[in-house]
Number of protein chains: 2
Amino acid sequence: MPTIKDVAALAKVSTATVSHVLNETGRAGLHAKERVTAAIAELGYRPNANAASLRSRRSRLVGLVLPSITNTFFAQMASEFESLAMESGYDIAIVTSNEDQEREHERIQALLFRQTDGLIIYPCSDKGIGNGITKRDLPPSVLMDRGLTLAEFDTIGLNNELAGRTVARHLLELGHRRFTVVLPELALAASADRARGIEKELKAHGGPAQLRVITGGHTIEGSRGALEQDLHRDERPTAVVATTNVATLGAIKAIQALQLSMPQDVSLVGFDDFEWMTALRPYVTAMGQPTRTLASAAWKLLVERMSLPPGTGRKVQHLTFDGNFTIRESSGRVRQNG
Amino acid sequence: MPTIKDVAALAKVSTATVSHVLNETGRAGLHAKERVTAAIAELGYRPNANAASLRSRRSRLVGLVLPSITNTFFAQMASEFESLAMESGYDIAIVTSNEDQEREHERIQALLFRQTDGLIIYPCSDKGIGNGITKRDLPPSVLMDRGLTLAEFDTIGLNNELAGRTVARHLLELGHRRFTVVLPELALAASADRARGIEKELKAHGGPAQLRVITGGHTIEGSRGALEQDLHRDERPTAVVATTNVATLGAIKAIQALQLSMPQDVSLVGFDDFEWMTALRPYVTAMGQPTRTLASAAWKLLVERMSLPPGTGRKVQHLTFDGNFTIRESSGRVRQNG
DNA sequence: CTGATTGTGTAAACCGTTTAACATTCCGCA
DNA sequence: TGCGGAATGTTAAACGGTTTACACAATCAG
């Protein structure tokens with residue numbers, strides 16, 4: 001592997017000059033630039049990012065901490081972030097916590113070893129990051145979606161409460177009065193906020209209404225089990241809202257398992273919306289998240305912070321965006337005898 | 001940030017000793033080890049991986065090149081690789097090509113900047129890696145799935161031809177004689193091999209049979225369009241095989257769009273198999289890939305090569321594994337009048 | 001014409017580790 | 001007693017870049 005010295009020697013300039021043309025600092029003249037470019041091409045020289053990062057104290061690497069990469073929603077966010085990073089000359093290092101705080105801690109440490117300039121985190125719990133990782137331990141970071149309670153960080157997320165209200169209003173208008181909400185766990189701020197939105201909308205609506213909130217964990221099967229049980233109870237809900245895509249899949253399975261049909265027997269509204277869901281029958285009414293918008297907003301905040309000397313800069317921001325609600329086949333008017 | 005020097009000073013030993021206890025070289029005595037460990041804890045010292053990598057010429061970083069991370073199959077592979085890597089003290093850097101050679105090239109360069117010790121690549125085309133990247137440009141690498149033709153690399157993949165034959169035999173036994181295979185593009189070795197397996201099985205079976213192979217690109221909509229068109233032609237197939245999960249989703253949509261029912265009007269067999277597919281109605285008969293097995297095999301090969309001085313070591317290996325074929329609801333006996 | 005400024009380039013220190021190569025101590029054993 | 005290893009440490013030179021401080025020439029304002 002040729003080094004910057006080889007390039008300098010071949011171009012008959014100093015390594016400093018090579019560095020300057022490489023980094024386009026503007027301190028290299030036209031003549032030097034030509035010679036260096038030619039030398040680089042001839043040698044097939046490729047700079048060593050580790051060496052550069054060591055001296056410059058900038059890695060141009062941003063860590064992305066996700067609960068799971070096999071969940072299409074997170075995969076989509078990862079994809080958005082990679083594109084955004086490419087545009088601004090950064091690389092993304094993806095790491096997954098598997099919904100486990102211990103592992104989240106471990107993975108974040110791994111990112112820190114590698115000197116990431118910034119972090120984008122979907123915390124796997126709202127009890128804290130990793131366990132016991134504080135803002136002082138981290139480079140500039142933005143928290144996504146969950147964990148909006150950790151106020152000392154910039155945060156980006158859906159307007160969850162509003163999303164909940166929108167979904168609830170839709171179902172109320174269809175005549176539904178008995179609701180069950182299935183979410184992974186109560187300690188998950190995003191889902192809890194969505195549920196709260198639903199509750200508020202029911203309250204605001206006035207009339208009598210039943211609302212049951214059940215938890216099924218982070219797996220499809222868990223959600224299915226929880227909802228199946230709920231559907232067996234008295235006062236069976238006519239409307240089910242699932243607050244994540246995993247819960248949505250579980251809900252579909254539960255409804256199918258009981259041989260209930262949508263939307264005749266029960267209406268379902270899910271969260272998150274992917275292309276492959278179009279193959280589901282019925283095609284489910286869902287509150288999708290604007291992945292591109294969320295990612296851009298987060299990226300913008302992060303880049304801003306990373307380009308500023310630490311400590312300086314504006315105070316923290318908490319931005320939320322509206323979901324895209326699309327009414328489709330899984331939600332319908334409540335049956336007369338429902 | 002404290003450095004190894006601060007640790008050394010506090011522990012009253014040399015930096016070399018600190019390094020030795022950090023790397024467990026066995027060259028540190030019990031007494032020193034204790035002092036150093038204490039100092040590390042007190043300072044909250046965290047080693048700088050870039051500096052270590054610069055000096056040691058090992059990054060303990062492996063690049064994973066995927067066509068797309070939003071495709072659940074690749075996401076699953078990524079997840080497997082991350083777990084495997086964690087166990088052996090490596091990190092994985094995931095990068096996506098978006099099925100584009102130009103971008104694949106760019107992303108691989110980015111990985112090389114970061115001094116990855118090895119690469120695991122799902123090439124986006126069998127015409128070559130990146131464009132014009134050769135084995136000499138890369139650290140130890142293993143090629144996955146597609147690109148089995150690039151013989152100078154270790155490769156891991158499904159036994160695609162056998163998988164095709166198995167699928168075909170299943171459908172032949174159900175009485176099907178008219179087949180359409182939908183795949184992304186002919187230049188994709190994995191899909192082409194699967195199609196060839198089907199063709200061979202039909203030939204081996206003897207009797208008259210019709211086989212049409214159509215391409216729909218790498219999108220669900222593309223696959224849907226291609227199959228819809230095919231289903232409108234004369235001699236409509238009674239059996240459809242989709243060679244990737246994207247093609248499978250597209251096929252389902254096409255069949256739904258024409259109001260055909262599975263398996264009464266047409267039988268469908270897909271490739272790849274995920275938990276969320278259980279929510280599809282009918283639940284599709286599919287040839288799943290043993291993701292864990294594939295990942296372990298690739299990882300084993302890669303680690304072996306990485307631990308050897310370059311140039312040495314066994315000759316290249318090409319390993320294939322059998323798929324998991326599961327018969328479900330989307331394939332059935334051909335109709336009498338079919 | 002002079003002094004300041006700008007443009008271009010270089011030398012050398014430095015970033016935080018690892019790793020030869022070398023030094024010391026301590027034992028066991030002939 | 002003395003000698004050969006282990007066992008344990010240390011020193012100092014890399015690793016491949018970036019960046020600061022400085023040098024020199026050419027240009028410019030007055």
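Quick note on labels: first sequence line is chain A, next is B, and so on, each numbered from 1.
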When you measure from the side-chain N and O atoms of B/R58 to the phosphate of C/dT19, is any distance below 4.0 Å, counting only OP1 and OP2? yes
Ionic contact status for A/D91 with B/R114, cut-off 4.0 Å: yes
Which residues in residues 38-52 of chain A have at least one heavy atom lying under 4.0 Å from any atom of DNA chain D? A/Y45, A/R46, A/P47, A/N48, A/A51, A/A52
Is the NZ atom of A/K135 crowded by more than 12 outside heavy atoms at less than 6.0 Å? yes
Between atom NE2 in A/H20 and atom P in C/dA11, what is the gap in whole Å? 14 Å
Could you state the atom-to-atom distance from CD1 of B/I4 to P of D/dA14 in whole Å? 19 Å
OP1, OP2 of C/dG16 versus side-chain N and O of B/T3: anything below 4.0 Å? no
Take B/K12 and A/N23, find for each the nucleotide of DNA chain D with the closest heavy atom, and name the residue whose nucleotide sits nearer the 5' end. B/K12
Stepwise salt bridge (Lys or Arg N to Asp or Glu O under 4.0 Å) check, B/R103 with A/E82: CA-CA 12 Å; B/R103 171 153 165 175; A/E82 187 185 10; 3.2 Å; yes
Anything under 30° is parallel, anything over 60° is perpendicular, the rest tilted; go ahead and classify A/F81 against A/W299. tilted
Send over the distance from A/L30 CG to C/dT8 P, rounded to a whole Å. 9 Å
May I ask you to decide if the ring planes of A/Y122 and A/F73 are parallel, tilted or perpendicular, using 30° and 60° as cut-offs? perpendicular
Quick one: A/R57 CZ to C/dG16 C1', roughly how many Å, whole number? 9 Å
Separation of C/dT17 atom P from B/L22 atom CG, nearest Å, is 8 Å
About how many Å separate CD of A/E106 and CE of B/M86, when rounded to the nearest 0.5 Å? 4.0 Å
With a 3.5 Å cut-off and heavy atoms only, can you find an N or O donor on one side and an acceptor on the other between the side chain of A/R55 and the base of D/dT18? yes
Rounding to 0.5 Å, atoms CG (B/L302) and CG (B/L64) come to a distance of 10.5 Å
So A/H31, base contact, sugar-phosphate only, or nothing? Heavy-atom distance under 4.0 Å. nothing
Atom CG of B/L54 and atom P of D/dA13 are separated, to the nearest Å, by 17 Å
Respond yes when some side-chain nitrogen or oxygen of B/S56 is under 4.0 Å from OP1 or OP2 of C/dT18, and no when none is. no
So, A/S97 and A/D100: side-chain donor and acceptor under 3.5 Å apart, yes or no? no
Between A/T17 and C/dT10, is there a side-chain N or O to OP1/OP2 distance below 4.0 Å? yes
Name the nucleic acid region contacted by A/V18, choosing base, sugar-phosphate or nothing; use a 4.0 angstrom heavy-atom cut-off, strictly under. nothing
Heavy-atom count around B/R314 CZ within 6.0 Å, excluding the residue itself: above 12? yes
Can you pull out the residues from residues 106-116 of chain B that lie within a 4.0 Å heavy-atom distance of DNA chain D? none
